[in-house]
Trainee: 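Following this message is one structure expressed as structure tokens.
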Amino acid sequence: MTEPSPPSVASPPSAGSRVVRPRPAGAPGASPRSRAARALGVLAVLAAMAAHFGAQVSMLVSQPGWSVDRFRDYFPLDQLAYMSMVTNASQGELANVEPFTETGVNQYPHLYYTVLGLIARAFGLHPVAAWQIVGVVVQLVLVALLGAVLIAVSRRWWSALLAPLPFVLGTYSWLRGEGWFTPMESHAVLWGPFAVLFTLNGESVSLCLAGIALLGLVTVWFRPTGPRTRVLVTAGASLLIGVLANVQTYSFIAAVYAVVYVLAVWAILRRRSVLLAVATAVLVPVTFLLGPVISSSSGQLPTLVFGMLPAVPGLIAVVFATRGRVLGHVALAVLGASPQVVLTVVGVATGDPFLSYRTASNRDLGVLPLVGWTSALPLLLPLAVLLWAAARARMVPAIAYVLGMAAAWLVLASNDLWGANAEPYRLWINLFFFVAVTILPVAAVVLRVRARARVGESAGAIHGAADVAAADEAPDAPGTASVPRRRSVPLVVAAVVAGAVALGSTVDWVRFFGDSAYHQVIAFDSPRDDALVQAVGERPENDRLLGMDPCVDAQELKIITGTPLAHYHIGMAWPTAYEPLARYMESRIAGSLDSEALAEADGGYVLTDSACPADWPARYADLLAPLAEVGYEAADGDDEVVTLWALKPPIGG
């Protein structure tokens with residue numbers, strides 16, 4: 001992103017004015033007070049990190065038998081499926097295949113899971129330990145950066161102590177029932193960012209990385225920054241946002257919408273162009289009218305791109321204002337996203353059945369208006385107050401931030417109404433998080449400008465970082481006249497009310513913290529697990545798929561053995577032989593063994609547990625030939641046996 005303003009806006013102060021820039025705290029000659037403030041700032045950032053770390057892990061370490069290599073038993077169906085990709089990478093399996101069968105093509109963005117597996121492999125960690133450690137570290141980096149940015153923009157060391165606040169905001173679900181989240185149709189829910197971040201999965205990490213990119217943009221575009229630093233940070237943020245397409249689709253889309261809409265609004269406000277504003281307003285209903293047509297003819301991905309149509313007038317203005325330089329940052333984002341985008345486009349063009357299924361399965365995932373608006377109150381009210389304050393300070397960047405973020409949030413959260421149908425509730429949550437992470441630094445900039453802009457209040461709007469610098473530093477210039485500050489009691493009262501509403505939402509997090517049912521852990525080192533690993537190791541051929549009776553959890557078996565299994569996660573990726581495998585899995589769920597379907601899917605082995613009521617060894621004795629038996633002591637003290645069987649070829653096969 002390049003500043004959408006004429007060069008004159010960024011020009012140095014006129015010769016008649018003198019701007020005194022404060023000496024950096026660490027520079028020679030810095031006062032003891034400056035050095036003390038810097039030390040206190042470091043301590044405040046560390047305290048914020050410690051607070052977040054405690055909130056993230058304290059509810060787990062109190063669980064019996066907790067250790068870093070025990071998985072969070074938190075909506076585990078999806079999480080264990082993602083973990084299968086980490087397991088494969090930790091064993092050196094880097095092919096782009098469906099992770100359980102290790103066949104077919106994996107269309108799901110899995111860069112992060114591959115990186116986790118490689119980290120586990122390089123450092124000799126259990127894959128679960130890598131998941132836990134790296135996930136928490138990424139969150140701590142975001143908290144530290146937010147704390148540092150708050151200090152930089154507010155020049156108050158204690159402001160870093162506010163950094164953990166965005167991670168405990170809720171959606172006022174506690175007013176709707178006994179829980180900490182609001183269930184809606186199908187599997188859609190609304191909950192605070194803490195519920196997403198607790199998983200430590202790719203979405204959690206992707207949201208944090210997007211937050212880091214957005215904070216970088218806020219830092220260099222909402223405060224005085226050198227041109228080289230601004231270009232480098234913007235380029236890095238653009239590339240990072242693009243890379244997110246390979247980590248988690250919806251956080252990538254949400255980050256792109258946030259940047260695009262804020263930038264477009266900023267350009268329109270700077271130009272004070274009624275024509276651009278009218279064109280933008282007209283394109284909003286056009287998007288809702290034509291979106292379903294685009295979706296039916298071109299599919300979900302082009303429709304999501306079409307959803308940025310209202311931002312086009314502002315973006316065109318940016319391109320002209322920057323003489324096309326902004327396109328360089330766009331190119332970096334495209335470059336970062338290209339691996340996953342190309343894979344998806346090829347899949348769509350070739351009629352990949354999994355992608356068709358995913359698109360068709362996105363139904364009844366919209367956000368009901370009343371639930372959406374009331375759940376957003378913890379941030380909508382602060383945004384409204386920030387808009388009020390920014391308008392009084394005539395600070396265009398902050399006004400653009402509020403209007404652009406709100407527009408992106410509204411458009412994405414209603415994408416089921418304009419044809420994209422891309423899990424609107426998840427995009428609602430993502431924008432909630434992005435606003436929560438960035439609103440504090442932007443508010444700090446506005447407060448600082450209002451507090452120190454005592455001169456030249458009639459000179460016009462504060463358009464960009466250069467103008468913020470002038471407003472921030474001009475009061476210190478010797479010989480300048482002071483104008484009394486304009487205080488607004490209603491604005492202060494509104495800010496207090498908005499803050500109270502935001503803090504009131506944290507009751508959701510308090511309930512979540514105390515809900516031990518969601519803080520259990522899954523161990524992978526029981527005597528039964530050891531027996532399963534030992535039995536699987538007795539297979540004479542490792543390339544034939546392994547089936548299992550209904551009592552052996554396929555997802556956990558993948559994590560402890562890493563072997564190709566006759567199983568797949570329907571919402572993540574499909575194997576080559578997904579049709580016969582689906583028949584086998586359906587029979588398995590019913591407690592039966594469809595040996596013909598298993599054989600057709602290239603299955604060669606079956607694993608059974610003597611403790612299983614399905615009793616496959618007795619029911620299918622004519623289909624199974626024993627290969628190995630491993631005994632273990634069950635939790636109730638009984639002696640049980642895990643048996644590996646070879647699947648006999650079908651008669652006539």
Trainee: For the residue pair Tyr518 and Trp180, is the inter-centroid distance of their aromatic rings smaller than 6.0 Å?
Mentor: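 Centroid distance Tyr518-Trp180: below 6.0 Å, so yes.
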Trainee: Would you indicate whether the side-chain heavy atoms of Arg72 and Leu200 approach each other to under 4.5 Å?
Mentor: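 Counting from C-beta outward, Leu200 and Arg72 do come under 4.5 Å.
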Trainee: Under a 3.5 Å distance rule, please check whether Glu98 uses its side chain to pair with a backbone N or O of Phe100 as donor and acceptor.
Mentor: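 Side chain of Glu98 to backbone of Phe100: a pair is present.
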Trainee: Can Val205 and Asn201 be said to form a side chain to side chain contact (heavy atoms under 4.5 Å, CB included), step by step?
Mentor: CA-CA 6 Å; Val205 169; Asn201 61 13; over 6 Å; no
Trainee: Start with the C-alpha distance between Phe354 and Tyr108, add both sets of side-chain angles, then the distance that settles ring pair (Phe, Tyr, Trp, His ring centres under 6.0 Å), and finish with yes or no.
Mentor: CA-CA 10 Å; Phe354 168 72; Tyr108 196 89; 7.9 Å; no
Trainee: Is it true that Tyr568 and Tyr578 have ring centroids separated by less than 6.0 Å?
Mentor: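 For Tyr568 and Tyr578, the ring centres are not under 6.0 Å apart.
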Trainee: Go through the steps for Arg583 and Glu596 under the test salt bridge (Lys or Arg N to Asp or Glu O under 4.0 Å), then give the verdict.
Mentor: CA-CA 9 Å; Arg583 296 199 307 271; Glu596 292 186 1; over 6 Å; no
Trainee: For the residue pair Phe75 and Trp191, is the inter-centroid distance of their aromatic rings smaller than 6.0 Å?
Mentor: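 Between Trp191 and Phe75, which both carry aromatic rings, the centre distance is below 6.0 Å.
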Trainee: Would Ser206 and Glu203 satisfy side-chain hydrogen bond (donor to acceptor under 3.5 Å, both in side chains), going step by step from the backbone distance to the final call?
Mentor: CA-CA 5 Å; Ser206 187; Glu203 182 176 21; over 6 Å; no
Trainee: Starting from the C-alpha separation in whole Å, work towards a yes-or-no answer on side-chain hydrogen bond (donor to acceptor under 3.5 Å, both in side chains) for Glu423 and Tyr250.
Mentor: CA-CA 9 Å; Glu423 300 195 54; Tyr250 292 134; 3.3 Å; yes
Trainee: Go through the steps to decide whether Phe306 and Ser298 satisfy the test side chain to side chain contact (heavy atoms under 4.5 Å, CB included), and finish with yes or no.
Mentor: CA-CA 11 Å; Phe306 181 74; Ser298 303; over 6 Å; no
Trainee: Report the distance from atom CE of Met308 to atom CD1 of Ile253, rounding to the nearest 0.5 Å.
Mentor: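 If I round to the nearest 0.5 Å, the distance is 8.5 Å.
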Trainee: Report the residues that fulfil side-chain hydrogen bond (donor to acceptor under 3.5 Å, both in side chains) with His519, sequence neighbours left out, ordered by chain and then residue number.
Mentor: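 Here no residue qualifies.
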Trainee: Partners of Pro193 by side-chain contact (heavy atoms from CB on, under 4.5 Å), sequence neighbours excluded?
Mentor: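 Residues passing side-chain contact (heavy atoms from CB on, under 4.5 Å) with Pro193: Phe432, Phe433.
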Trainee: Checking the side chain of Asn415 only, and the main-chain atoms of Leu304 only, is there a donor and an acceptor separated by less than 3.5 Å?
Mentor: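 A pair under 3.5 Å: no.
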Trainee: Identify the residue among Leu240, Leu209, Val437, Thr438 that makes a side chain to side chain contact (heavy atoms under 4.5 Å, CB included) with Leu214.
Mentor: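 The option that passes is Thr438.
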Trainee: Hey, what do you get for CH2 (Trp418) to CG (Leu309), rounding to the nearest 0.5 Å?
Mentor: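 It comes to 10.0 Å.
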Trainee: Would you say the rings of Tyr357 and Trp574 are close, in the sense that their centroids are separated by under 6.0 Å?
Mentor: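 So the answer is yes for these two rings.
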Trainee: Does one side chain, of Thr303 or Gln300, offer a donor that lies under 3.5 Å from an acceptor on the other?
Mentor: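 No, Gln300 and Thr303 have no side-chain donor paired with an acceptor closer than 3.5 Å.
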Trainee: Could you walk me through whether Arg588 and Asp549 pass the side chain to side chain contact (heavy atoms under 4.5 Å, CB included) check?
Mentor: CA-CA 7 Å; Arg588 177 177 175 268; Asp549 71 22; 5.8 Å; no
Trainee: Using only heavy-atom distances, determine whether the side chains of Asp69 and Ser67 contain a donor-acceptor pair under 3.5 Å.
Mentor: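 Asp69 vs Ser67: donor-acceptor pair found between side chains.
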Trainee: Can you check whether Leu565's main-chain N or O pairs, donor with acceptor, with Lys558's side chain at less than 3.5 Å?
Mentor: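 Side chain of Lys558 to backbone of Leu565, a donor-acceptor pair under 3.5 Å: no, none is there.
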Trainee: Compute the centroid of each ring, for Tyr605 and then for Trp645, and state whether the two points are separated by less than 6.0 Å.
Mentor: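 Aromatic pair excluded; centres sit 6.0 Å or further apart.
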Trainee: Using only heavy-atom distances, determine whether the side chains of Ser173 and Thr182 contain a donor-acceptor pair under 3.5 Å.
Mentor: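 Ser173 vs Thr182: donor-acceptor pair found between side chains.
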Trainee: Would you mind reporting whether Val606 and Trp616 have side-chain heavy atoms less than 4.5 Å apart?
Mentor: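 Side-chain contact under 4.5 Å: yes.
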Trainee: Under a 3.5 Å cutoff, is there a donor and acceptor pairing between the side chains of Arg426 and Ser251?
Mentor: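 Absent: no donor and acceptor within the cut-off.
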Trainee: Could you tell me how the ring of Tyr82 sits relative to the ring of Tyr113: parallel (under 30°), tilted (30 to 60°) or perpendicular (over 60°)?
Mentor: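 It falls in the parallel class, under 30°.
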Trainee: State whether the side chain of Thr171 and the backbone N or O of Ser375 hold a donor-acceptor pair below 3.5 Å, judged by distance alone.
Mentor: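 No: the side chain of Thr171 does not pair with the backbone of Ser375.
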Trainee: Quick check: does any side chain N or O of Glu93 sit under 3.5 Å from a backbone N or O of Ala95, one acting as donor and the other as acceptor?
Mentor: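 Pair found, side chain donor or acceptor close to backbone of Ala95.
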Trainee: Excluding sequence neighbours, so at least two apart, what forms ring pair (Phe, Tyr, Trp, His ring centres under 6.0 Å) with His52?
Mentor: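 By the ring pair (Phe, Tyr, Trp, His ring centres under 6.0 Å) rule, His52 matches Phe167.
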Trainee: Could you tell me whether Arg70 sits above the aromatic face of Phe524, with NZ or CZ closer than 6.0 angstrom to the six-membered ring centre and within 45 degrees of the axis?
Mentor: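 Here Arg70 fails the 6.0 Å and 45° test against Phe524.
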Trainee: Check for a donor-acceptor pair, side chain of Ser295 on one end and backbone N or O of Pro292 on the other, with a separation under 3.5 Å.
Mentor: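 It does not hold such a pair.
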Trainee: Taking it one step at a time, do His110 and Asn246 satisfy side-chain hydrogen bond (donor to acceptor under 3.5 Å, both in side chains)?
Mentor: CA-CA 6 Å; His110 54 278; Asn246 308 281; over 6 Å; no
Trainee: Would you find a donor on one side and an acceptor on the other, under 3.5 Å apart, between the side chain of Asp609 and the backbone of Cys612?
Mentor: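 Side chain of Asp609 to backbone of Cys612, a donor-acceptor pair under 3.5 Å: no, none is there.
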Trainee: Would the distance check show the side chain of Asp515 and the main-chain N or O of Phe512 forming a donor-acceptor pair, the cut-off being under 3.5 Å?
Mentor: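 Answer holds: no.
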Trainee: Got Glu538 and Leu627 here, is their nearest side-chain heavy-atom distance under 4.5 Å?
Mentor: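 Sidechains of Leu627 and Glu538: no contact.
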Trainee: If you round to the nearest 0.5 Å, how far is CG of Leu412 from CG of Asn430?
Mentor: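 One finds 8.5 Å between CG of Asn430 and CG of Leu412.
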Trainee: Hey, could you give me the CZ/CG distance between Arg528 and Leu532, rounded to the nearest 0.5 Å?
Mentor: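 The CG atom of Leu532 is 5.0 Å from CZ of Arg528, to the nearest 0.5 Å.
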Trainee: Could you check whether any side-chain heavy atom of Val536 comes within less than 4.5 Å of a side-chain heavy atom of Ile560, counting everything from C-beta outward?
Mentor: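 The answer is no, as the side chains (C-beta and beyond) never meet within the 4.5 Å cut-off.
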